[in-house]
Amino acid sequence: MSLLHLAIIAPFIIAVFVPLIYKNIKSVHTGWFILPLPILLFIYFSSFISKTTNKQVTMESFSWISSLGIDFTVKVDGLGLLFALLITGIGSLVILYSIYYLSKQKEKLNTFYVYLLLFMGAMLGVVLSDNLIVLYAFWELTSFSSFLLIGYWYNREKSRYGAQKSMIITVLGGLAMLGGIILLYNMTGTFSITEIVAQADTIIDHPLFVAALLCILLGAFTKSAQFPFHIWLPDAMEAPTPVSAYLHSATMVKAGIYLVARMSPVFAEDALWMGLIIAFGLFTLFWGSFSAVKQTDLKSILAFSTISQLGLIMSLLGVGAAALHYEQPEYFMVATTAAIFHLMNHATFKGSLFMVVGIVDHETGTRDIRKLGGLMNLMPITFTIAIIGTFAMAGLPPFNGFLSKEMFFTGMINALHMDFDWSIIIPVIAWIASVFTFIYSMILVFKTFTGKYQPEKLEKKPHEAPIGMLISPIILASLVIVIGFFPNLVKPLLVPAIETIMPMYEFDVHISMWHGFNTELFMTIGVIIVGILMYLGLNKWRGIYGIFPEKITLNRFYDGLIDSMYKGSYSLNRNVMSGSINHYLSYMFIFMVVLIIGSLFGLDAFAFSTDNLAPIEFYEVILTFIVAAASIALLFTKSRIVSILLTGTIGYMVALLFIVFRAPDLALTQLVIETISVSLFLLCFYHLPKKLTDDPVPVKVRNAIISVGVGLFVILVGLTAHSTKLFDSISQYYIENTYSEAAGKNMVNVILVDFRGFDTMFEIAVLGIAALAIFGLIKLRRNGGKKIENK
């Protein structure tokens, strides 16, 4: 295993020791022991910058399931390195911030940092994996760990609701993505992203290509909160602010952006890819910015602003894909450049703004802008950081957001070169959405820090945050300014990432603050003028939000769907789960009989052949007769003891049949199990009535029909299986390889442990999960349960 692999799994390794650190070192905040890891990882990944700048790609592979083409292959190219630096760099600042934000006396820091490390490692695995199956495993782990982080304050109903919502939507999208991965494998014969990209020209005409494209986009859209899947992100704001700053500025929501960028070399030549990304991205951009204006909670404003910014980046990637469809690709490559540049800028200003909101909440006890105001003099440093972050988000000079917003306008204007009638709508929607972006940015900073101070509405007397809580947002705000004045400093990160997305073109990126009096500048001036006027007249036109009926929303649809599922499950449970094992077995047997016999004759699959049958010996007939006689006698006995003895007789006769057919291991197992079962049955039933209850005639008839059906389907399946030899039996393979390949003489044990090791591993995993659940229930019961808030 290489150092690169170790860098990815390091967060998982450290997570194992966090509970021990928390338990044994109470005097020091646990975050101080975690902080060195992301810093070291950031330094390590920074060492790859010189390689990616020179177009070098680092790949390391670790053999995992080579027979299925699944190896833990990691790849550091321009795109993966950019995301790895964001994950570790922002992660370092978030952990430093959390040390001062989360109290070591009040919070369970062991679980918080375990969840955070799981998420960090999962994100690194997503952006650095070259194997799609490994990528998918890490992808779903990000959903699982974010679920734990969002629900960290699980005593709150809103936290549980937000965690569940994000989990359901992103995991379902992930399953769709898995379908796309499998389709890609069917088309290319490989899970390697590098090898799939090499075959991109040959698979575009494949009949499965469009289906794979749609599945991949569905996974990306759900993860990156594109409309209509965006509804999970505002509810995820119930997580602690450090989590929000991390998940929604540099990691979780950027995973979908990463997937679209990574798979663009595969799908971008199809116009459907371009069209869907532009359409969904633009609408998400508009809807997110439009919805942010009506919010009154600071984190809700940032949530919808994140949705809007993700739509912006997504639409730019869509316009950038147009370079493959038109003769002048330079018109569209600027959009790809803007997408990656704004992705970097968004991480800096949005991370700082989340931390500012956390400071305001921490020092005042509220995030409601209706209760805030006049904090500028009380919290001057926080106000300064807020000004820098919001002005960058609004696209104002001299901050980095202005540069990427100008490039965004350039990309949208260049989209007019697309030859379809409605191309004018692209820059129009982009400009309108930018106006609303300006408005919510002004609301965020001025409604909070200017205006009338309302101490009577605050839970705490506000004051400036401690310096430790200010360090991280100050660093991010400083980057906003530095990148604004010296944007070409990021070229070593920007250019290699763009070349990874568009490997067929050469890039000459030069970013400057002043480009003269051009269309983009006039669009920005228009945004500022219209935005100021609309902000000043906010109360006069805000009533338009009342046009949209409260009962017809995507959230209501989601809640109704979940509620219907609950009601349906309760109804099914009430009508079907009667507590009777007899009923449950009846349902299962009826289903199997109908399905199997129907399939055998409906698909003309039944076959009967007496070829290669061994002669039936007399003692085999005797044993079979005893089994049959004992089975029939069971139907007429009235005594529990006799029923148990007859059941044991059947089991022992089956064990003798195993011996006759030369399966001593199975016979021994059967004898042991039968002896223990009969003993336990006798012990238990000793305390029950001696006579069995007599079922009504209809029940007997039903049971008789089911019994005959089950026996019939077993016979038919056995005959068909013997009579249909589509391929050689695998038994000879086990006979030849059990000792040479696994060094074991017991074939049954070797099959279970080695040849079918993954089956056994997953069975153990299921038992382990069940054991953890039981342990949790016992612990809760022992503690008397905990009060759950339903506010």
Side-chain angles (χ1 to χ4, degrees), residues 9 11-34 37 95 98-99 101-122 137 140-168 170-171 232 235-244 246-247 252 562 565-566 569-570 573 577 579 581 680 684 760-791:
I9 66 173
F12 301 106
I13 297 173
I14 299 299
V16 174
F17 298 98
V18 169
L20 298 176
I21 296 172
Y22 174 77
K23 183 178 180 180
N24 295 296
I25 309 178
K26 294 284 187 179
S27 59
V28 181
H29 197 287
T30 308
W32 288 115
F33 298 97
I34 310 301
L37 175 65
I95 291 175
S98 70
I99 292 172
Y101 186 87
L102 296 173
S103 169
K104 65 180 180 181
Q105 287 83 21
K106 298 179 181 179
E107 304 290 352
K108 291 185 176 181
L109 298 178
N110 54 338
T111 56
F112 177 82
Y113 287 111
V114 167
Y115 300 161
L116 196 65
L117 287 171
L118 288 178
F119 183 81
M120 182 182 295
E140 294 296 49
L141 186 55
T142 62
S143 294
F144 174 70
S145 52
S146 65
F147 165 81
L148 296 173
L149 287 168
I150 295 167
Y152 173 69
W153 286 320
Y154 58 86
N155 287 336
R156 303 177 182 178
E157 184 183 20
K158 289 184 178 180
S159 295
R160 302 194 304 273
Y161 174 81
Q164 181 197 62
K165 195 173 189 178
S166 67
M167 182 82 160
I168 289 173
T170 58
V171 166
W232 68 264
D235 291 294
M237 291 298 134
E238 292 301 321
T241 296
V243 173
S244 301
Y246 195 38
L247 268 64
M252 172 79 164
I562 296 298
M565 292 172 63
Y566 276 128
S569 64
Y570 289 146
N573 182 71
M577 305 302 288
I581 297 177
L680 289 175
C684 295
T760 306
M761 182 185 73
F762 288 128
E763 288 171 2
I764 294 171
V766 169
L767 292 174
I769 293 170
L772 286 174
I774 294 169
F775 172 76
L777 291 172
I778 293 173
K779 189 174 181 181
L780 284 173
R781 183 178 180 183
R782 214 160 73 190
N783 294 339
K786 292 190 177 181
K787 185 179 179 181
I788 302 297
E789 297 179 16
N790 292 308
K791 297 179 181 179

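In this view, Ser166 satisfies the side-chain hydrogen bond (donor to acceptor under 3.5 Å, both in side chains) rule with no residue, not counting sequence neighbours. Shown here are the side-chain hydrogen bond (donor to acceptor under 3.5 Å, both in side chains) partners of Gln164, two or more places apart in sequence or in another chain: Tyr566. Checked against side-chain hydrogen bond (donor to acceptor under 3.5 Å, both in side chains), Ser98 has the following partners two or more places apart in sequence or in another chain: Tyr113. With sequence neighbours excluded, the residues forming a side chain to side chain contact (heavy atoms under 4.5 Å, CB included) with Phe147 are Ala163, Met167, listed by chain and number. Residues that satisfy the side chain to side chain contact (heavy atoms under 4.5 Å, CB included) test with Glu107, not counting sequence neighbours, are Leu102, Leu109, Tyr152, Trp153. Shown here are the side-chain hydrogen bond (donor to acceptor under 3.5 Å, both in side chains) partners of Ser145, two or more places apart in sequence or in another chain: there are none.
Side chain of Lys165 to main chain of Ala236: no donor-acceptor pair is present (N/O by atom type, distance under 3.5 Å, no hydrogens or angles).
The two residues Ala122 and Thr142 have their closest heavy-atom pair at CB-CG2, 3.5 Å. Nearest approach of Leu116 to Leu149, heavy atoms of both residues: N-CD2, 3.8 Å. For Ser27 against Lys104, the heavy-atom pair with the smallest separation is O-NZ, 2.6 Å. Residues Met252 and Thr170 approach most closely at CE-CG2, 4.1 Å, considering heavy atoms. Residues Val18 and Leu117 come closest through the heavy atom pair CG2-CD1, 3.7 Å. Minimum interatomic distance between Ser143 and Val171 (heavy atoms only, all atoms of both residues): CB-CG2, 3.9 Å.
Between Ile14 and Met120 the shortest side-chain heavy-atom distance does not fall below 4.5 Å. Contact check for Ile562 versus Ile168: side-chain heavy atoms found under the 4.5 Å cut-off.
Residue-environment remark: CG (Leu767) exceeds the threshold of 12 foreign heavy atoms within 6.0 Å. Within a 6.0 Å sphere centred on CZ of Phe12, other residues, nucleotides and ligands contribute more than 12 heavy atoms.
The line from CZ of Phe119 to OH of Tyr246 is 6.5 Å long, rounded to the nearest 0.5 Å. Put simply, CD1 on Ile99 and OG1 on Thr30 are 9.5 Å apart, with the number rounded to the nearest 0.5 Å. Once rounded to the nearest 0.5 Å, the distance linking CZ of Arg160 with CD of Glu238 reads 11.5 Å. Interatomic distance, Leu777 CG to Lys779 NZ, rounded to the nearest 0.5 Å: 12.5 Å. Considering OH of Tyr154 and OG1 of Thr111, their distance stands at 8.0 Å, rounded to 0.5 Å. One finds the OH atom of Tyr22 at 5.5 Å from the CG atom of Asn110 (value rounded to the nearest 0.5 Å).
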